[in-house]
Amino acid sequence: MLEKTFNPSAVESKLYPEWEQSGVFTPALKGDKPNFTIMMPPPNVTGSLHMGHALNHTLQDIIVRWKRMKGMDVLWLPGTDHASIATQMLVERKLEKEGIFRKKIGRDEFLKHVWKWKELHGGAIVHQLRRLGVSPDWSRERFTMDDGLSDAVKKVFIDLYKKKLAFKDKRLVNWDPILLTAVSDLEVNNVETKGTMWQIRYPMENGGYITVATTRPETMLGDTGIAVHPEDERYKDLIGQYAILPFVGRKIPIVADEHSDPEKGTGCVKITPAHDFNDFEVGKRHNLPAIDIFDERARLNENTPEPFRGMDRFAARKLILEQLEADGLLVGAEEITHALPYSERSEVILEPRLTEQWYVDAHTLAQPAIKVVEDGRIKLVPENWENTYFQWLRNIQPWCISRQLWWGHRIPAWYGPDKHVFVADDEQEAQAQAEKHYGKTVTLVQDEDVFDTWFSAALWPFSTLGWPEKSVELEKCYPGDLLITGHDIIFFWVVRMVMMGMEFMGDIPFRTVYFTALVRDEKGQKMSKTKGNVIDPLEFMDLYGTDALRFSLASLAGTGRNLNFSKSQVEGYRNFATKLWNAARFCEHHQCKLDPDFNPESAQLAINKWIVAEVQKLGQDVVKQLENYRFDEACAALYQFIWGQFCDWYVEFTKPIFFGENTIEQTETRAVAAWTLGQILHLLHPFMPFVTEELWQDLSGGKKLISSAWPAYASTGEKLYKDKDAQEGIQWLIKVISEIRAVRADMNVPASAQLPLYYAEGNELVSKRLTAYGEVLCKMARISTIENAGAPEGMVPVLVDQDTFLLQIGEVVDLKEEKQRLSSKLKDIQKEILQLDGKLKQPDFVNKAPADVVEKNQLRLAEAQLQQQKLETALARLQSA
RNA sequence: GGGCGCUUAGCUCAGCGGGAGAGCGCUACGUUGACAUCGUAGAGGCCACUGGUUCAAUCCCAGUAGCGCCCACCA
């Protein structure tokens with residue numbers, strides 16, 4: 001017996017462990033069953049479930065459940081990412097609160113704390129994912145710092161190093177002065193900020209001044225040149241001369257460089273090679289030294305004079321400006337807005353800093369990655385992401401993979417006393433290399449840094465399958481079939497997986513990438529903690545059930561880049577689950593039981609033939625939409641069918657039968673209703689796994705829906721069952737009932753009144769249908785009797801197709817009301833006739849438009865004219881009454 | 001500066017060459033025995049603007065305006 005109402009949380013907490021323990025999530029990877037592989041984008045271990053996770057895991061689970069029901073051997077491999085910066089920050093802060101400081105306790109001790117934290121709290125997100133009802137193979141769960149995955153990282157780096165695709169280089173990086181590490185270009189947020197452009201005079205060696213413009217006066221202490229445009233007439237004479245740098249007294253040359261834009265500022269650019277990306281390039285071109293004036297915390301260092309030495313960069317800026325002002329060297333200040341580079345993690349302004357880091361030659365690796373998308377071997381969905389993908393890869397810069405952090409994969413590089421580098425699997429091997437190199441034993445020091453988290457994430461499609469060892473998983477599941485992820489990590493992750501897959505597996509990591517939209521609030525704003533508009537998916541699951549949340553997200557997963565999430569939608573889909581639940585209760589109440597031997601296509605009654613055909617149509621539609629990743633359309637089809645067809649009409653059609661006496665009809669209808677409900681549950685299961693599983697177990701006597709077979713007819717191209725008479729008959733019936741209801745409402749007939757209906761036009765088909773469907777028509781349209789006879793005076797016409805029915809609405813027909821109703825109907829019809837007639841009278845239309853379009857218009861015109869005639873007749877009768 | 005996208009009912013969004021759609025919200029009315037987390041009916045739209053292509057444009061093309069995102073740059 002089904003409970004009176006669906007209780008999502010009780011059902012969820014009961015079913016999920018049942019599924020997980022049954023082993024259905026784990027693929028056999030044996031025999032020749034076709035398999036399907038999808039890798040879960042590993043969430044950060046520090047993460048907690050947000051709407052973005054909820055969206056992309058829901059979509060993954062829909063595909064996975066569907067493929068599994070189709071009989072495929074599905075590997076959905078889950079896991080988490082060690083997220084070096086985020087995790088290190090989190091644990092470090094936590095420890096600081098306890099009075100424990102990272103630098104004090106040292107690397108090994110600190111890492112012990114991180115691992116401990118990871119064991120205790122790292123699983124949070126994985127448990128929250130379970131609440132979403134997702135069905136990955138938890139037995140194969142991976143963590144990016146597992147031994148096997150760490151081996152893969154090492155091997156990849158060593159190989160890249162041997163191929164000279166990984167190398168050490170000294171260049172400018174974006175330096176985070178709070179986290180004390182380099183970050184990649186992608187981790188920089190450029191934020192529009194108000195600032196000031198100052199103009200500063202530098203005295204010339206030979207007298208006079210040159211005026212430069214800058215937004216960062218403090219960097220002048222590191223200036224080693226001034227650039228002017230080679231064709232700028234104003235400064236031509238100065239090229240080759242020297243200016244004297246205030247405070248420092250350094251002689252700096254005036255050089256000619258295209259970088260200088262005569263239109264901007266004063267046309268003279270101060271060059272600080274160590275602290276500006278453009279200046280670095282200019283410096284290289286003119287052999288200007290790069291003088292580093294900051295320490296790791298962006299304080300002025302020993303290369304700067306007193307009183308600035310040791311000051312913070314912003315304090316120094318203030319003091320320098322004051323001094324310049326006092327010295328009469330500050331000659332202008334202009335308010336401007338410019339974009340400043342903020343660190344994504346620490347939200348501090350980044351400092352370009354000259355350091356030695358490890359880089360990967362991304363340009364070389366990018367070429368095959370470009371090709372496989374060009375060739376269509378990897379399909380991006382929606383397709384327009386290709387532009388973004390190509391644009392970035394074609395302009396790719398070397399990828400800085402080292403981070404000055406402790407938590408992560410430590411770089412397997414050792415240095416000899418003379419800084420000679422030995423890249424090796426372990427210290428022993430490095431020693432061996434060193435001995436060969438030096439001819440004696442030396443003390444080696446391992447690189448202090450770890451790899452960028454994305455470096456290990458890039459290997460996820462094969463490192464998780466056991467690579468570099470050979471394994472069944474690797475054999476069967478690479479390349480994968482699908483990746484579903486947010487478009488915000490296309491560069492961070494997707495392109496890098498393709499690059500690494502091509503380089504190390506010689507093959508693509510996946511065939512299709514589906515990019516999800518970004519979840520925003522109902523006003524389209526980005527969710528952020530500071531705005532306070534973050535929606536917690538767990539809260540919605542508690543309130544409305546997981547199924548409702550999943551269905552909402554899938555319904556909203558259209559083709560757009562944003563997905564505006566609103567509460568009322570979830571509520572609506574909670575109601576949808578309730579609706580289904582109640583329909584199932586109705587079936588149960590009327591003893592609709594599944595009969596495995598029953599062939600639905602053998603049904604005799606029109607309503608049964610009709611619903612069988614309709615549900616099959618639905619199945620094909622759902623599959624078509626799923627194949628195109630149109631989750632929204634699949635949801636719409638399911639919702640419309642279940643509520644708008646099955647509940648609104650079919651269930652109502654069965655009532656006269658269930659409350660009647662005909663046991664033969666009852667038997668058939670019970671079987672068809674049960675079968676149809678079963679089909680609905682199958683088709684809906686990937687989207688709403690819990691309510692469907694619960695109902696199916698009830699309907700089927702304990703069978704599991706998650707491991708049931710997907711309906712055979714529901715594959716595109718399969719021939720569908722059809723019964724034309726039944727289809728058309730039921731469609732007609734629905735039209736008649738709707739029309740009568742509309743007239744009744746229009747005429748303010750009390751809902752409880754049972755009215756007689758007259759039909760006297762003698763259309764044989766109509767008479768036949770009235771006989772066949774009379775009972776249900778009466779019940780649903782509140783008709784007392786159907787008279788196959790002429791109508792008494794003063795009746796209200798009901799027009800359906802070419803036929804007029806007359807409805808007797810009681811003693812008093814409000815003539816005025818009725819006249820108005822008919823007149824406005826007539827007006828609509830006349831307008832339509834005018835339009836159609838005009839169109840059909842144009843020779844160009846008749847000659848040039850396709851024949852079927854012309855014919856359709858002619859038919860519509862004929863129908864409209866007939867309706868017009870009927871309406872006019874009815875109105876005339878009204879006038880005479 | 002380069003690229004991508006959006007503008008359709010009060011709200012959130014589908015549709016994308018031949019009759020303007022859905023959900024939510026709103027209004028009126030509620031009858032039997034699945035369901036008030038419901039039922040029935042209804043109101044509500046120059047499909048941003050201007051041109052062009054076409055027999056036909058919400059849909060294709062060009063431009064304009066507004067909004068959003070990504071990338072690069074800003075001494």
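Atom set for the values below is all heavy atoms of this structure, side chains included, hydrogens, waters and symmetry mates excluded. Below, chains carry the letters A, B, ... as their sequence lines are ordered, and counting in each starts from 1.
Atoms CE (A:Met747) and P (B:C29) sit 17 Å apart, rounded to a whole Å. One interatomic measurement links the two molecules: CH2 of A:Trp581 to C1' of B:A34, which rounds to 12 Å at whole-angstrom precision. Rounded to whole Å, atom P of B:G18 lies 19 Å from atom CG of A:Asp844. One interatomic measurement links the two molecules: CZ of A:Arg585 to C1' of B:C38, which rounds to 13 Å at whole-angstrom precision. Regarding A:Tyr639, its OH atom lies at a distance of 15 Å from the C1' atom of B:G21, rounded to whole Å. The CD atom of A:Glu855 sits 18 Å away from the P atom of B:G18 (whole-angstrom rounding). The interatomic distance linking A:Ile829 (CD1) with B:G19 (P) rounds to 16 Å, in whole Å. What separates CG of A:Asp632 from C1' of B:G23 is a distance of 13 Å, to the nearest Å.
Residue A:Lys4 places no side-chain N or O under 4.0 Å from the OP1 or OP2 atom of B:A34. Here A:Arg630 reaches the OP1 or OP2 of B:G15: one of its side-chain N or O atoms lies under 4.0 Å away. For B:A34, neither phosphate oxygen OP1 nor OP2 lies less than 4.0 angstrom from any side-chain nitrogen or oxygen of A:Tyr650. For B:C38, the OP1/OP2 oxygens have a side-chain nitrogen or oxygen of A:Asn575 closer than 4.0 Å. OP1 or OP2 of B:G39 sits under 4.0 Å from a side-chain N or O of A:Trp643. A sub-4.0 Å separation between OP1 or OP2 of B:C69 and a side-chain N or O of A:His487 is absent. Contact between the side-chain N/O atoms of A:Arg574 and the OP1/OP2 oxygens of B:U37 is not found at any separation under 4.0 Å. Applying the 4.0 Å criterion to OP1 and OP2 of B:C24, one finds that A:Lys567 has every side-chain N and O outside that range.
Only the P atoms considered, B:A9 is 14 Å distant from B:G44, to the nearest whole Å. When the P atom is used for both B:G2 and B:U58, the distance is 32 Å, rounded to whole Å. The same atom, C1', is picked in B:C73 and in B:C24; the two are 44 Å apart, to the nearest Å. The same atom, C1', is picked in B:C13 and in B:U7; the two are 12 Å apart, to the nearest Å. Rounded to a whole angstrom, the distance from the C1' atom of B:C46 to that of B:U27 is 25 Å. Rounded to a whole angstrom, the distance from the C1' atom of B:A14 to that of B:C61 is 24 Å. B:G52 and B:C67 are spaced 26 Å apart, taking the C1' atom of each and rounding to whole Å. Nucleotides B:A43 and B:U50 are separated by 28 Å at their P atoms, to the nearest Å.
Heavy atoms of A:Cys587 sit nowhere under 4.0 angstrom from any nucleic acid atom. Within 4.0 Å of A:Asp261, counting heavy atoms only, lies at least one base atom of the nucleic acid. Across all strands, A:Pro750 comes closer than 4.0 Å to no nucleic acid atom at all (heavy-atom distances). Residue A:Arg744 is out of contact with every strand shown, counting any heavy-atom pair closer than 4.0 Å. Nucleic acid contact class of A:Val853 (heavy atoms, under 4.0 Å, all strands): base. At a threshold of 4.0 angstrom between heavy atoms, the contacts of A:Ala583 include nucleobase atoms, whether or not backbone atoms are also involved. A:Glu652 comes within 4.0 angstrom of a base, heavy atoms only. Residue contacts for A:Trp198: at a heavy-atom cut-off of 4.0 Å it reaches no nucleic acid atom on any strand shown. Using a 4.0 Å heavy-atom distance criterion, A:Ala745 is classed as a sugar-phosphate-only contact. No engagement by A:Lys856 is indicated, since no non-hydrogen atom pair under 4.0 Å with the nucleic acid exists. Across all strands, A:Thr266 comes closer than 4.0 Å to no nucleic acid atom at all (heavy-atom distances). In this structure, A:Glu633 reaches the sugar-phosphate backbone alone: every heavy-atom distance under 4.0 Å involves primed, P, OP1 or OP2 atoms, never a base.
Using a 4.0 Å cut-off between charged side-chain N and carboxylate O, A:Lys655 and A:Glu652 make a salt bridge. A salt bridge between A:Arg216 and A:Glu351 is present, with a side-chain N of the basic residue lying under 4.0 Å from a carboxylate O of the acidic one. Classification of A:Glu832 and A:Arg860 as a salt-bridged pair holds, one side-chain N sitting under 4.0 Å from a carboxylate O.
In this pair, A:Trp392 and A:Phe491 present their aromatic rings parallel. The plane angle is below 30°, not in the 30 to 60° band. Relative ring orientation between A:Phe646 and A:Tyr650 is described as parallel, the plane-to-plane angle staying below 30° on a 0-90° scale split at 30° and 60°. Between A:Phe687 and A:Phe551, the ring planes are perpendicular. Angles over 60° get that label, and only those under 30° would be called parallel. A:Tyr514 and A:Tyr629 have tilted rings, their planes meeting at an angle from 30° to 60° on a 0 to 90° scale.
Taking the side chain of A:Lys579 as heavy atoms from C-beta on, and the options B:G19, B:C35, B:C55, the nearest nucleotide is B:C35. You'll find that the side chain of A:Val651 is closest to B:A34, out of B:A41, B:U32, B:A34. Distances from the side chain of A:Arg782 to the nucleotides B:U32, B:C24, B:A34 place B:U32 closest. The side chain of A:Ala849 has B:G18 as its nearest neighbour among B:U40, B:G18, B:A34.
Looking at A:Thr578, its side chain comes within 3.5 Å of the base of B:U37 through a donor and an acceptor atom. In the interface, the side chain of A:Arg741 is not paired with the base of B:U40 through any donor and acceptor atom under 3.5 Å apart. In terms of polar N and O atoms assigned as donor or acceptor, the side chain of A:Lys848 never comes within less than 3.5 Å of the base of B:U54 in a complementary pairing.
Under the Watson-Crick and G-U wobble criteria, each requiring two contacts below 3.5 Å, nucleotide B:C38 is paired to B:G30. The nucleotide B:C46 finds no pairing partner, because no Watson-Crick or G-U wobble arrangement with both distances shorter than 3.5 Å includes it. Pair assignment for B:U7 gives B:A65, based on Watson-Crick or G-U wobble hydrogen-bonding distances that are each under 3.5 Å. For B:C60, the paired base is B:G52 (Watson-Crick or G-U wobble, both distances below 3.5 Å).
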Practice item. Show your working on side chain to side chain donor-acceptor pair (under 3.5 Å) between A:His229 and A:Asp261 and close with a plain yes or no. Key: CA-CA 6 Å; A:His229 196 272; A:Asp261 182 350; over 6 Å; no
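Checking A:Val846 against A:Phe659, the closest nucleotide of RNA chain B that is more toward the 5' end is the one next to A:Phe659. Nearest-nucleotide positions on RNA chain B place A:Gln754 closer to the 5' end than the other of A:Gln754 and A:Trp649.
When the options A:Asp279, A:Asp223, A:Thr224 are evaluated for a side chain to side chain donor-acceptor pair (under 3.5 Å) with A:Lys270, the one that passes is A:Asp223.
Every residue two or more places apart in sequence or in another chain was checked for a side chain to side chain donor-acceptor pair (under 3.5 Å) with A:Lys848, and none qualifies.
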